[in-house]
Each structure stands twice: as C-alpha cells, then as structure tokens.
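Accompanying notes for the structure given below.
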Number of protein chains: 2
Amino acid sequence: MSSAKPTIDDVARVAGVSRATASRVINNAPGASGPLRVRVHEAVAKLGYLPNEAARALASGRPRAVDVIAVTCNPPGGWLGSNPYYSRVLAGMMPLLADAGAQLRVHALSHDSAPEALDEIAAGVTLGAVLSDVTPTLAARFHRRCRRTVSLVPTAATVPAMVADNIGGAYAAVTELHRLGRRRIAAIHGPVISSCAADRRIGHLRAVEQLGLAEVSAAAPFTREGGYQAAQQLLAQHPDLDAVFVACDLMAAGVVQALTACGRRVPEDVSVIGFDDSVAASCTNPPLSTMRLPVEEMAAAAVRLLLSGDITSGHRTLFPAELVRRQSTAR
Amino acid sequence: MSSAKPTIDDVARVAGVSRATASRVINNAPGASGPLRVRVHEAVAKLGYLPNEAARALASGRPRAVDVIAVTCNPPGGWLGSNPYYSRVLAGMMPLLADAGAQLRVHALSHDSAPEALDEIAAGVTLGAVLSDVTPTLAARFHRRCRRTVSLVPTAATVPAMVADNIGGAYAAVTELHRLGRRRIAAIHGPVISSCAADRRIGHLRAVEQLGLAEVSAAAPFTREGGYQAAQQLLAQHPDLDAVFVACDLMAAGVVQALTACGRRVPEDVSVIGFDDSVAASCTNPPLSTMRLPVEEMAAAAVRLLLSGDITSGHRTLFPAELVRRQSTAR
DNA sequence: GCTCTCACTGGAAGCGGTCCCACGCGGTTA
DNA sequence: TAACCGCGTGGGACCGCTTCCAGTGAGAGC
C-alpha cells in the first residue's frame, strides 16, 4: 500500500478505463455509463481517492470557493472577535456553501493594507467574493478587478449588492420612539467611515426632520465602550433626554449601562432602541428593542447569486429591517 | 490591452527572460539576480501580474491555506451566528495568517454529515487544520488522515492541542464563589457532547467535593435561552441557591435574566459567574464576572504551530483561564 | 592560452486534473 | 449494401506554475 495520495490515473488504471472516462464518472458528467460507472466508483472507493482541488481549479478554471472580505481597523480581524454581526454573515453562508461543495475563504484586512491586498484577493477569487465591510471606493476598485462580487454594505451603484435598508430601519426606529411619546430623542451613530453608519444617520435625520424634533447626536465606534462613553457625554449635555436611538446593539448595551449608572431607568425614564438584533441585544438587561437585519438571509442571498453565476452589474436587493420590540422600549 | 489575466509567460516575455527566471524572481528565490530581477519586477508592475494560486499550489504541492473546522448541530454554521466564541478563534488567527500570506478556509459541519466531510477536508488540507469544536473521536479520525492538525478543544491524546484549562477554570470559579461566602452554589453545564463542557463539569465537581458542598446542577445548550430555562428549573428545585456557576457567558446572560425575573437581585442575593469572557459578558446588567479564556492567543498559537511546520503528535499546551471580576459577583 | 568552476539562465518535464476531438462500433435510412 | 448517425470511449493537449537539469559565459587557476 503506497502512502502517496491516489490520483485519477490510479483510479483509471484500477478501473481499467481511461483518465477521461474516470473524470466523467467522478464529475457525474454525461458521456459514460453503465458498467464503467460502477467500475470507476469501485476503484474510487477502493483507493480512497479524493480529487485534488488545486488541479481541478487549474484545469477547469473555476474552483469552488467563495471569499468573504472585510476591511477594518488594525489589527486585521479585530472586528471579528468583538462584533457578532460578522459571525452572522458567515453563518448565513455556510449551509449553502456546504450544499454546493464550495469552500469559504475569510479575509480580514486593515484599512492601510487594503488596496493592494484587495487586488491580490481579486486575482484569486473564484466563485465570487462577498464584501462585508468595505468602503464604497474600495468596493468599486475591487469590483473593477473582479466582476463576481456582491457587497453586503451600501456601496457604489455598479457593485451588485444585497443591502439592508439601513435608512428605513433608522427612520422606523426613531418613529417608534416618537410613537411611544418620546420627544427628546438622542442618537448615537457609528463611525463616519462605515457606510452602514452613514445610512442609519440619514434615516435618523430624515425622521427627526419630519417629526419636528431637535437633532441631538454623537458618534462612536461600534463597541460597547463606545456606546457607554457617548451616552455619558450625551447625558451630560442633555440631561433631559428621554430616548436614545443607537446605531448598533453592542453600543446600545453600553448605553443601557451608562444610563443605569447615571440613575436613569430603562425603559421607564429612557427608551433605548438598538440596531442589528445581534446576540448582545437579548443579553442586556432589560433586553434591547432593536431593528433586526436579516443578515443571514442577506449573506445567503449573496452566496446564492454567486453560485448561480449570473451576476448583473448594478443589481441591488434591499432587505427591510424589522422592529423587534423588547423591554427597553416597553411602556 | 488584452483583458485576459497576464500569466508568468507574459511577464517573462515582457521582461525578456525565461519563465523559469521570472518564477525565481517572483518567488524571491536565489539563482537570479541583478538587472534581471529589476526587469522582471518592472514587467510585473507593468502588466499587473498576480500569480495564479491554483497553479502555484499544483506545481509546488504546497499551497498556503489553513482550515478551521467546527462540527455542530444543524444547520451547519448555526453555531457561528449565535456564539461569539468562534469569532474570537478566527480573530486570533487572522493577523498571523495575513502576515504569512496564507488563506483561511472555514468549514462548518453538522454532526450527521461530519465523518465523510472530514475525510474530504483532510484530503485538501495544506498548511494545516485547526479543530475548534469536534468530538475526540472525530478529531482522532481526522488526525489520522491529516497530521498537520491542531485542536483547540480537549481531545484524544495523540492530537496536538492548544487547549484551555477548563477544569482549572471551573474549579477556580467555584472556589471564588465559595470565597465570597456562598455555600449553596448551583452549576449549569453545557451539552454533554462538548468536551469543553465535560471538563468544566469535572472542575466543578472537583471543587464541590473538596469544599464539601452539595452538588446541584443542570445541563443546557450553550445559548441564552438554554441558560434561562435551566436557571428557572434550578430555582424551582432549589429556591435558596445563592450562587450559580455557568459554563458559558451566553447561558449566564440568560441566567441573570431568569434570576431577575424571579425576583432575585444579582449580585446581592445570588452571585453569578460565567465562562469565556465573550462580548456578551460585558453587555449584561450587571456585567458578568467570568473565566476569561485566551481564545485568541490559543488560536494564534495553533496557527503559529502550523506555520512552523514541526508539529509533534501529542503536543499539548495548556492555557490558564483567568478570573475576571465584574459586578455579578461584587459583594 | 586552456581547462575548470561557478553563478546564471533557459528548456522542458511534470503537478493532477478537464475537456476537445478523433475514432470505432452498432443501428438507421436510402 | 453503402453512406450516415450518434453514442461511448480513449488519446492527448492544455491550465499556469515550479523545479530539475543541462547549457552558457565569465573569471580564476594552471
């Protein structure tokens, strides 16, 4: 018994057929049949043959792998550990990829190294790439080098995208707070560099304007600490605020803690509404009302599009955000 | 300008050298030098050449990719979205992989499909594989097919592993509760199938025995809901419990909520201590004391080992768990 | 001045597949 | 019966790159 991995040639020899026929049978392609199929399958089983992905990729020009790319602050990958959002992206993709027998490659980049790294990734992309947190500029650049790209964040119009209705979601959240009778509604936005944060800000402003409210807001990174500090600051400037719209659940968790620390009761004194419906939302006390984004569905749709292959430039599907009422906005 | 991707042949032609020389320069290998190096680099820049990974992998027999494998309940990937633990694993690996120019492939399997799927993955593993949530049996099977494997969970002795001291951590947690004067300490364990959960249970039992406490415990899945229900059940059976050791922060978040819902104050009436120090731990109210596992460091160490290449069967590094004191155990 | 090194360089053989194409053979149609 | 068709099959040319090996020329030693 040789310890070297069996190749398709070994299979062909054992089965007594040509390499071409073996390939056809293994790939379940037409043009081979009956007894030969059986013999090849037997040979495969006997040898424990498993095709070499690299060779397959090279020969066919279309290996089966999907790339997920996120660009964030240093260190690369830092985001992954701290924000459950990204896990949901991966989770949404896995079942489909598993069914398709495709692999998932994860790339985490930092802003400074992103441009060249993106080019490199674009060169290696096979089935397609999903951009999960990339600035519009970078997304466009990437898309120029690799057409098989789908973005999960608002981006240049040319890049196909499966995006959440961040504007509408933020609008709905503020409206809900207003509906609850809140009038001194503050907002905590995400970092300016994030296009999601930008859209949520737009939705907030639109609602504030339409409802005739005063605009009170602060910005912070998408972390619990960021939310905590922003809330403290906001509370110092506007001690009478009675509601906070927070652009991310993780921040919102910090906001609830800050409010509690400052003697405000949630939801009696201050209503809080988050965004994302991440695991953190249900872990807070009281549990957070939030705008649920169908992240998994969006990611799945992106993969489905990539697997289908017919990706039309400019395609855009908008996924609505759904209000999840929990205790932080109970009256 | 042809739209076809340039190949190394194009580079060689433009640079006026042979393909072999171009390859040497591009791979920074010895045996080519001086003016030729410059010319090749110029050609690369001019053409925007980027090597084809598949071809490289095939020709050299050693592509650069690390596989991360987790086996969980259906659907495959479900775990990823709901438990921040796994994100930390990926986050810990990314910086090292980025430096090494290696790719990260993520595989999520469900229990029923795992055995065959694992064999297939093992055949494709290149730099190595990291097992992040696999039963000892499956881990051993995988390791038999692929030596370049490191486990992040307790497993068969032969499989190299970077594991957390779950036993010691659980022991320390219970001891801490005892130190705080708690005597009616309950425990909520994870699912029996998880070897981490099993070890944490062992640590708990050891402490309980040594401290002469009564053993009170329940088991639940590693989710907030699981923790909530287990806590309710425990509370019904033992209304006088004054502390809970919970084998996972996500469950612990549910426990805190259940305690609050049942009129217990945390930490005044009941101390709660979690495990993992995941994002959820700091989002709860009050924030959770917990046993911090250096997940990122463990994952990084695993990658470092794989990149170094000298993986000795049976290698085992134990990472201590560190008590993080937060409000849920304040006195 | 003529070998002998030695550092470079290019030719060419794979790596393990996919897939085009030519070939042979039994069965129709003229 | 001859030309024709089509399916199943095998031969062999690639895919893009690495790497072995033989060849080349310049410099050194005799």
Side-chain angles (χ1 to χ4, degrees), chain A residues 2-41 43-44 47-65 101-103 120 122-127, chain B residues 2-41 43-44 47-65 101 103 120 123-127:
Chain A
S2 101
S3 73
K5 284 188 191 175
T7 72
I8 199 171
D9 283 294
D10 300 323
V11 172
R13 192 169 344 99
V14 170
V17 300
S18 72
R19 179 167 64 242
T21 300
S23 174
R24 284 185 204 107
V25 174
I26 290 165
N27 291 295
N28 214 9
S33 84
L36 288 205
R37 288 195 109 77
V38 175
R39 269 158 55 196
V40 171
H41 281 131
V44 166
L47 296 171
Y49 168 78
L50 285 166
N52 176 319
E53 272 315 314
R56 219 173 218 193
L58 179 58
S60 67
R62 47 169 168 61
R64 305 190 70 71
Q103 298 184 335
E120 202 165 317
V125 162
T126 58
L127 270 178
Chain B
S2 99
S3 73
K5 283 189 191 174
T7 71
I8 200 171
D9 283 292
D10 300 322
V11 172
R13 192 168 346 97
V14 169
V17 300
S18 73
R19 178 166 64 242
T21 301
S23 173
R24 284 183 204 109
V25 174
I26 290 164
N27 291 294
N28 213 9
S33 86
L36 288 203
R37 289 195 108 77
V38 175
R39 271 160 51 200
V40 171
H41 280 132
V44 166
L47 296 171
Y49 168 78
L50 286 165
N52 176 319
E53 272 315 314
R56 215 173 221 195
L58 180 59
S60 68
R62 48 172 164 61
R64 304 189 69 72
Q103 299 183 335
E120 203 167 316
V125 164
T126 58
L127 270 178

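These numbers were taken from a predicted model, which means no experiment stands behind them. Residue numbering restarts at 1 for every chain, and letters A, B, ... go by the order of the sequence lines.
- When heavy atoms are screened at a 4.0 angstrom cut-off, Thr7(B) is found touching the sugar-phosphate backbone but no base atom.
- OP1 or OP2 of dC17(D) has not a single side-chain nitrogen or oxygen of Ser23(B) nearer than 4.0 Å.
- In terms of position on DNA chain D, the residue among Arg24(A) and Arg19(A) whose nearest nucleotide sits closer to the 5' end is Arg24(A).
- For dC15(C), the OP1/OP2 oxygens have no side-chain nitrogen or oxygen of Asn52(A) closer than 4.0 Å.
- The listed nucleotides are dC15(C), dC15(D), dC17(D); the one nearest the side chain of Leu58(A) is dC15(D).
- In this structure, the separation between OG1 on Thr7(B) and CG on Leu47(B) is 9.0 Å, given to the nearest 0.5 Å.
- One finds no side-chain N or O of Ser18(B) lying less than 4.0 angstrom from the OP1 or OP2 phosphate oxygen of dG11(C).
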Inset, instruction - Decide side chain to side chain contact (heavy atoms under 4.5 Å, CB included) for Val11(A) and His41(A); before the verdict, give the C-alpha distance in whole Å, the side-chain angles of both, and the deciding distance to 0.1 Å. - result: CA-CA 9 Å; Val11(A) 172; His41(A) 281 131; over 6 Å; no

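- Every residue two or more places apart in sequence or in another chain was checked for a salt bridge (charged side-chain N to carboxylate O under 4.0 Å, His left out) with Arg24(B), and none qualifies.
- Here the side chain of Thr21(B) is nearest to one of dG17(C), dT18(D), dT9(C), namely dT9(C).
- The Ala20(B) side chain lies nearest to dG11(C) when the options are dG11(C), dG17(C), dG12(D).
- Between the side chain of Arg39(A) and the main chain of Ala15(A), a donor-acceptor pair closer than 3.5 Å is present.
- Place Gly16(B) and Ala55(B) on DNA chain C by their nearest nucleotides, and Gly16(B) ends up nearer the 5' end.
- Phosphate contact (OP1/OP2 of dG16(C), side-chain N/O of Arg56(A), threshold under 4.0 Å): absent.
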